[in-house]
Trainee: 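Provided herewith is a single structure, encoded as structure tokens, for subsequent inquiry.
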Protein chains: 2
Amino acid sequence: MARLPVYLRALTALQERGVATVSSEELAAAAGVNSAKLRKDLSHLGSYGTRGVGYEVEYLVYQISRELGLTQDWVVAIIGVGNLGRALAGYGGFASRGFRVAGLLDADEAIVGQEISGMVVEHIDRLEDIIADHGVSIAVIATPAGAAQGVCDRVVAAGVTSVLNFAPVVLSVPEGVDVRKVDLSIELQILAFHEQRKAGGPDGLAPLQEGDPPPGTSQYVETVEA
Amino acid sequence: MARLPVYLRALTALQERGVATVSSEELAAAAGVNSAKLRKDLSHLGSYGTRGVGYEVEYLVYQISRELGLTQDWVVAIIGVGNLGRALAGYGGFASRGFRVAGLLDADEAIVGQEISGMVVEHIDRLEDIIADHGVSIAVIATPAGAAQGVCDRVVAAGVTSVLNFAPVVLSVPEGVDVRKVDLSIELQILAFHEQRKAGGPDGLAPLQEGDPPPGTSQYVETVEA
DNA sequence: ATGTGTGAACTATTTCACAGCC
DNA sequence: GGCTGTGAAATAGTTCACACAT
């Protein structure tokens with residue numbers, strides 16, 4: 001149910017505009033999905049609509065929040081305080097949805113001790129302490145690619161079972177641990193792919209030529225900073 | 001084909017380690033997918049493997065890059081230079097994959113003129129000029145939610161047909177324009193959902209109670225800063 | 001022997017279309 | 001009359017399993 005957060009966002013926007021009731025058609029349009037899909041999704045949570053009328057916005061917001069577990073607070077730690085870690089630390093959308101940042105951690109001595117968004121950056125050595133003391137249940141990894149697996153192993157060993165990974169690597173974790181991955185450059189690559197298709201007409205690429213040359217060296221060298 | 005960038009990443013990592021050849025099994029493991037799926041995906045690009053041997057890393061890197069359109073340069077503009085815009089401007093993974101940042105733009109006079117990652121922030125008024133002058137084909141929107149649709153309309157009017165949106169809104173665009181959306185808080189919400197399921201046993205939530213109270217006011221108020 | 005490429009089986013997801021309730 | 005909830009149909013995506021090339 002990866003679409004529930006999108007519905008929730010659309011609903012809170014309606015709520016702010018003082019709308020009391022929506023039809024599946026309207027809400028689906030706001031969320032950018034098909035209305036039948038929306039109804040099926042919502043029907044999985046229970047029968048919260050009224051036939052002939054629609055859904056009561058307030059009530060649906062509450063039910064989806066409950067389903068998503070947003071009626072309780074989740075404690076997160078952000079590991080890696082580069083540009084991205086800073087952006088995450090200052091991101092208002094976390095606090096407002098019940099996500100509390102318990103700590104910012106980094107290995108770089110020059111960054112440790114700095115104050116970012118009202119929090120003092122801690123040394124990565126304190127990782128296990130912070131997880132235990134604050135009851136961290138979600139770790140956000142925003143380190144360089146090379147450090148990510150090591151950090152991941154440590155947070156998992158310390159009992160964290162949900163990881164949001166911004167480093168451009170596939171993390172391996174034991175059974176029972178959830179990892180979600182956000183990769184900024186992958187999103188751009190997907191856009192480039194579609195853009196190319198448009199430019200090249202309906203068929204896109206030229207078909208593979210027999211003598212298509214394998215390049216001597218690749219220009220696609222990895223630079224890894226999440 | 002949203003998985004091609006992941007394969008490409010795994011392949012370049014192998015390439016750096018000097019590996020000349022991979023089997024579908026090995027590459028699938030590195031990319032975190034099933035090997036049959038990987039073979040099927042690759043077979044869509046053409047027959048680039050050798051039976052009994054595997055895939056030549058160098059050659060496959062080239063073919064996937066070509067398919068994704070990474071053998072040409074793409075010009076991007078980043079609109080909104082808050083924390084996230086800064087992180088994106090400094091993100092090394094763009095330049096290394098053929099994405100060239102042509103401009104950083106913001107509406108805030110206090111930010112305009114600042115130098116970020118070697119670029120001077122331009123005023124949003126210059127948006128159309130910059131798009132035309134540099135041939136921008138991808139716009140990255142990292143503005144607050146309220147400004148996103150307006151910015152989107154302007155870039156589309158200026159001829160951009162691919163948008164990467166970090167603002168927490170569903171953008172509406174004309175036919176033929178691609179939008180991809182990255183929403184940091186949605187990823188966390190999905191993790192929270194799974195985390196809750198683990199904690200609550202296989203059945204997760206308590207079943208809906210008859211007298212389940214609709215809340216008087218919602219605590220889920222939108223704060224919008226992408 | 002080994003490992004790709006792929007038809008066929010299976011599973012999941014999306015959409016249709018309409019009965020049933022307001 | 002209008003709109004939800006949902007079986008059934010259609011579509012998409014995944015995995016199996018093996019023929020066939022090297």
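Worth saying up front: this structure is predicted, and the values here are computed from it rather than measured. Every chain is numbered from 1, with letters handed out A, B, ... down the list of sequences.
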Trainee: Measuring to OP1 and OP2 of D:dT4, would you say a side-chain N or O of A:Ser24 lies under 4.0 angstrom away?
Mentor: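 Indeed, a polar side-chain atom of A:Ser24 lies that close.
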Trainee: Report all interatomic pairs (protein N or O, nucleotide N or O of nucleotides 8-11 of chain D) with separations under 3.5 Å.
Mentor:
from	atom 1	to	atom 2	distance (Å)
D:dA8	N6	A:Lys40	NZ	3.3

Trainee: Check the distance between D:dA12's P and B:Arg3's CZ and give it to me in whole angstrom.
Mentor: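 Atom CZ in B:Arg3 sits about 15 Å away from atom P in D:dA12.
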Trainee: Looking at the side chain of B:Ser43, which of C:dG5, D:dT4, C:dT15 is the nearest nucleotide?
Mentor: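 The nucleotide sitting nearest to the side chain is C:dG5.
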Trainee: Measuring from the side chain of B:Arg51 (C-beta onward, heavy atoms only), which nucleotide among C:dT4, C:dC21, C:dT15 has the closest atom?
Mentor: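 Nearest to the side-chain atoms of B:Arg51, counting from C-beta on, is C:dT4.
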Trainee: Under 6.0 Å between ring centres, would you say that holds for B:Tyr48 and B:Tyr55?
Mentor: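 Ring-ring flag for B:Tyr48/B:Tyr55: false, centres at least 6.0 Å apart.
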Trainee: Take the protein atom CG of B:Asn34 and the nucleotide atom P of D:dA17, then report the distance between them rounded to whole Å.
Mentor: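 Between P of D:dA17 and CG of B:Asn34: 12 Å.
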Trainee: Could you tell me the separation between the CD atom of A:Glu26 and the C1' atom of D:dG2, rounded to a whole number of Å?
Mentor: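 Whole-Å distance recorded here is 12 Å.
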Trainee: Is any side-chain heavy atom of A:Ser162 closer than 4.5 Å to one of B:Lys198?
Mentor: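 Yes. Closest side-chain heavy atoms under 4.5 Å.
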Trainee: Can you check the A:Asp41 CG to C:dA12 C1' distance for me, whole Å?
Mentor: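 So the CG-C1' distance, A:Asp41 to C:dA12, works out to 13 Å.
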Trainee: Suppose we screen for side chain to side chain contact (heavy atoms under 4.5 Å, CB included). Which residues come up paired with B:Val75, at least two apart in sequence or across chains?
Mentor: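 So B:Val75 forms a side chain to side chain contact (heavy atoms under 4.5 Å, CB included) with B:Arg100, B:Ala102, B:His134, B:Val136.
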Trainee: Tell me whether the OP1 or OP2 atom of C:dT2 has a side-chain N or O from B:Tyr55 closer than 4.0 Å.
Mentor: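 No, outside the criterion.
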Trainee: Between the side chains of A:Tyr59 and A:Gln63, does any donor sit under 3.5 Å from an acceptor?
Mentor: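 On atom types as modelled, these side chains qualify, holding a pair under 3.5 Å.
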Trainee: What's the OH-P distance between A:Tyr7 and D:dT4, to the nearest Å?
Mentor: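 For the pair A:Tyr7 OH and D:dT4 P, the rounded distance is 13 Å.
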Trainee: Among B:Leu188, B:Leu184, B:Asn83, exactly one meets side-chain contact (heavy atoms from CB on, under 4.5 Å) together with A:Tyr91. Which residue is that?
Mentor: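 Of the listed options, the one satisfying the test is B:Leu184.
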Trainee: How many whole angstroms separate atom CG of A:Leu38 from atom P of D:dT6?
Mentor: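 A:Leu38 atom CG is separated from D:dT6 atom P by 14 Å.
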Trainee: Could you say whether A:Arg39 or B:Leu42 is positioned toward the 5' end of DNA chain C, judged by the nucleotide with the nearest heavy atom to each?
Mentor: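 On the 5' side of the pair lies B:Leu42.
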Trainee: Check A:Val6 against A:Ala31 and note the closest heavy-atom contact, atom names and distance.
Mentor: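 The pair with the smallest heavy-atom distance is CG1-O, 3.7 Å.
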Trainee: Atom CG of B:Leu45 to atom C1' of C:dG5: distance rounded to whole Å?
Mentor: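 Taking atom C1' of C:dG5 as the reference, CG of B:Leu45 is at 13 Å.
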Trainee: Only pairs at least two apart or in different chains count here, so list each salt bridge (charged side-chain N to carboxylate O under 4.0 Å, His left out) that has a residue in residues 30-45 of chain B.
Mentor: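 Only B:Arg3-B:Asp41 qualify under salt bridge (charged side-chain N to carboxylate O under 4.0 Å, His left out).
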